[in-house]
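Reading through the structure tokens given below for one structure.
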Amino acid sequence: MKTRIITAAVLVPILILILLVLDKVVASLVLGALLAIASYELLYRTKLVRHPRLVIYSSAMAFAIAMWSYADAVHAYFVLLLLVYFALLFAEMMMDHVKVHIEMIALCYVSGFVVPFLLSSLIRILAMTTGRYVILIPFVVAFMSDAGAYFVGLKFGRHKLAPVVSPNKTIEGALGGLAAGILAMLLYAFILDVPLKFDVSYGA
């Protein structure tokens with residue numbers, strides 16, 4: 001509990017600063033740098049892939065995807081970027097197939113392309129006309145459902161949800177998280193609707 005509170009107290013203000021205060025290009029550069037660091041940590045620090053060039057290619061690709069998302073570039077450039085990245089990965093495997101295995105290539109694909117592409121959706125949302133407001137939706141749902149699941153599970157949790165996967169998770173906690181996420185989203189929708197005059201669909 002203490003660790004969660006400290007982490008939230010540090011990271012949430014930083015996240016809000018990046019997404020809601022900084023200029024879009026600066027926010028994209030910061031998120032791109034974070035994606036590149038995350039790719040490096042996923043591969044090198046975990047010792048899943050210790051091949052320096054593969055790690056560099058993946059980190060550079062993660063940053064490039066963030067910049068592509070900001071620029072709203074045509075899809076042809078994205079496809080070209082992917083082709084160059086995949087060519088570099090497979091060239092490394094062909095040059096040294098004893099040390100570079102297909103599993104390493106797959107991990108690089110995940111850390112350099114799949115995860116950055118999904119997370120860079122934050123940048124693509126930020127580029128929308130109402131992006132500053134829309135981008136808060138996943139965080140409202142995620143943070144509040146997590147908090148609801150934790151506190152309800154702590155207070156009322158009796159029935160294990162998935163004891164093998166996560167021993168502390170309970171059915172009551174899961175239901176509490178679902179309820180908290182819905183209530184928080186309805187409250188956020190009300191704020192968008194009444195004070196800010198957005199056209200909000202409460203059902204959706």
Side-chain angles (χ1 to χ4, degrees), residues 7 10-143 192 198-199 201 204:
T7 302
V10 174
L11 294 182
V12 170
I14 294 174
L15 184 64
I16 292 173
L17 175 67
I18 292 172
L19 297 179
L20 301 182
V21 178
L22 294 181
D23 185 72
K24 290 178 182 178
V25 64
V26 178
S28 300
L29 287 168
V30 172
L31 286 171
L34 291 174
L35 288 173
I37 293 169
S39 178
Y40 160 77
E41 289 187 338
L42 177 60
L43 296 176
Y44 200 82
R45 301 299 295 178
T46 59
K47 300 181 181 180
L48 292 173
V49 177
R50 300 303 295 266
H51 191 288
R53 284 194 300 274
L54 289 178
V55 174
I56 291 172
Y57 297 154
S58 299
S59 293
M61 180 64 179
F63 183 81
I65 287 178
M67 293 300 98
W68 173 82
S69 295
Y70 166 75
D72 194 24
V74 293
H75 287 173
Y77 293 151
F78 184 62
V79 173
L80 181 61
L81 190 64
L82 282 179
L83 288 174
V84 170
Y85 177 55
F86 293 155
L88 288 170
L89 293 180
F90 280 102
E92 291 291 341
M93 188 172 68
M94 295 304 293
M95 285 190 296
D96 192 356
H97 65 276
V98 175
K99 292 183 179 179
V100 180
H101 308 289
I102 190 67
E103 292 87 354
M104 295 170 65
I105 300 299
L107 286 168
C108 290
Y109 173 80
V110 170
S111 73
F113 165 60
V114 175
V115 174
F117 180 75
L118 295 175
L119 290 177
S120 65
S121 63
L122 294 174
I123 299 170
R124 295 190 290 278
I125 292 172
L126 199 59
M128 296 166 56
T129 306
T130 57
R132 297 285 188 185
Y133 302 98
V134 176
I135 205 167
L136 285 176
I137 291 174
F139 296 105
V140 169
V141 174
F143 291 159
L192 292 178
F198 278 77
D199 184 17
S201 169

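Annotation: the span from Leu82 atom CG to Trp68 atom CH2 amounts to 9.0 Å, rounded to 0.5 Å. Going from atom CG of Leu89 over to atom CE of Met61 covers 9.0 Å, rounded to the nearest 0.5 Å. For the atom pair Leu35 CG and Ser58 OG, the distance stands at 12.5 Å (nearest 0.5 Å). Remark: Leu42 CG to Ile37 CD1 distance equals 13.5 Å, nearest 0.5 Å.
Judged as a side chain to side chain donor-acceptor pair (under 3.5 Å), not a single pair has a partner in residues 18-32 (not counting sequence neighbours). Among residues at least two apart or in separate chains, there is no ring-ring contact (aromatic ring centres under 6.0 Å, His included) pair with a member in residues 10-36. Judged as a salt bridge (charged side-chain N to carboxylate O under 4.0 Å, His left out), not a single pair has a partner in residues 56-68 (not counting sequence neighbours). For residues 26-47, the set of pairs meeting the salt bridge (charged side-chain N to carboxylate O under 4.0 Å, His left out) definition, not counting sequence neighbours, is empty. Note on residues 75-103: pairs passing salt bridge (charged side-chain N to carboxylate O under 4.0 Å, His left out), not counting sequence neighbours, are Arg53-Glu92.
Scored by the side-chain contact (heavy atoms from CB on, under 4.5 Å) test, Leu34 finds Ile18, Val30, Leu31 as partners (sequence neighbours excluded). Partners of Tyr40 by ring pair (Phe, Tyr, Trp, His ring centres under 6.0 Å), not counting sequence neighbours, listed by chain and number: Tyr44. For Met93, the side-chain contact (heavy atoms from CB on, under 4.5 Å) partners at least two apart in sequence or on another chain are Phe90, Val100, Ile102, Ile105.
For the pair Val55/Arg50, no side-chain contact is recorded, criterion being any heavy-atom separation below 4.5 Å from C-beta on.
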For residues 106-124, please give each side-chain donor-acceptor pair under 3.5 Å, one per line with the distance, not counting sequence neighbours.
{"unit_1": "Ser111", "atom_1": "OG", "unit_2": "Ser39", "atom_2": "OG", "d": "3.3"}
{"unit_1": "Ser111", "atom_1": "OG", "unit_2": "Leu107", "atom_2": "O", "d": "3.4"}
{"unit_1": "Ser111", "atom_1": "OG", "unit_2": "Cys108", "atom_2": "O", "d": "3.4"}
{"unit_1": "Ser120", "atom_1": "OG", "unit_2": "Ser69", "atom_2": "OG", "d": "3.2"}
{"unit_1": "Ser120", "atom_1": "OG", "unit_2": "Pro116", "atom_2": "O", "d": "2.9"}
{"unit_1": "Ser120", "atom_1": "OG", "unit_2": "Phe117", "atom_2": "O", "d": "3.0"}
{"unit_1": "Ser120", "atom_1": "OG", "unit_2": "Arg124", "atom_2": "NH1", "d": "2.9"}
{"unit_1": "Ser121", "atom_1": "OG", "unit_2": "Leu118", "atom_2": "O", "d": "2.6"}
{"unit_1": "Arg124", "atom_1": "NH1", "unit_2": "Ser69", "atom_2": "OG", "d": "2.8"}
{"unit_1": "Arg124", "atom_1": "NH2", "unit_2": "Phe117", "atom_2": "O", "d": "2.9"}

Under 3.5 Å, sequence neighbours excluded: what are the donor-acceptor pairs made by side chains of residues 130-141?
{"unit_1": "Arg132", "atom_1": "NH1", "unit_2": "Leu19", "atom_2": "O", "d": "2.4"}
{"unit_1": "Arg132", "atom_1": "NH1", "unit_2": "Leu22", "atom_2": "O", "d": "3.4"}
{"unit_1": "Arg132", "atom_1": "NH2", "unit_2": "Leu22", "atom_2": "O", "d": "2.8"}

TODO: With side chain to side chain contact (heavy atoms under 4.5 Å, CB included) as the test, would you mind laying out the steps for Met104 and Leu48 before giving the verdict?
DONE: CA-CA 8 Å; Met104 295 170 65; Leu48 292 173; over 6 Å; no
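By the 6.0 Å contact criterion, CE on Met95 is enclosed, its count of non-hydrogen atoms from other residues, nucleotides or ligands being greater than 12.
Residue Ala33 comes nearest to Phe63 through the heavy atom pair N-CD1, 3.6 Å, listed as atom of the first residue, atom of the second, then distance.
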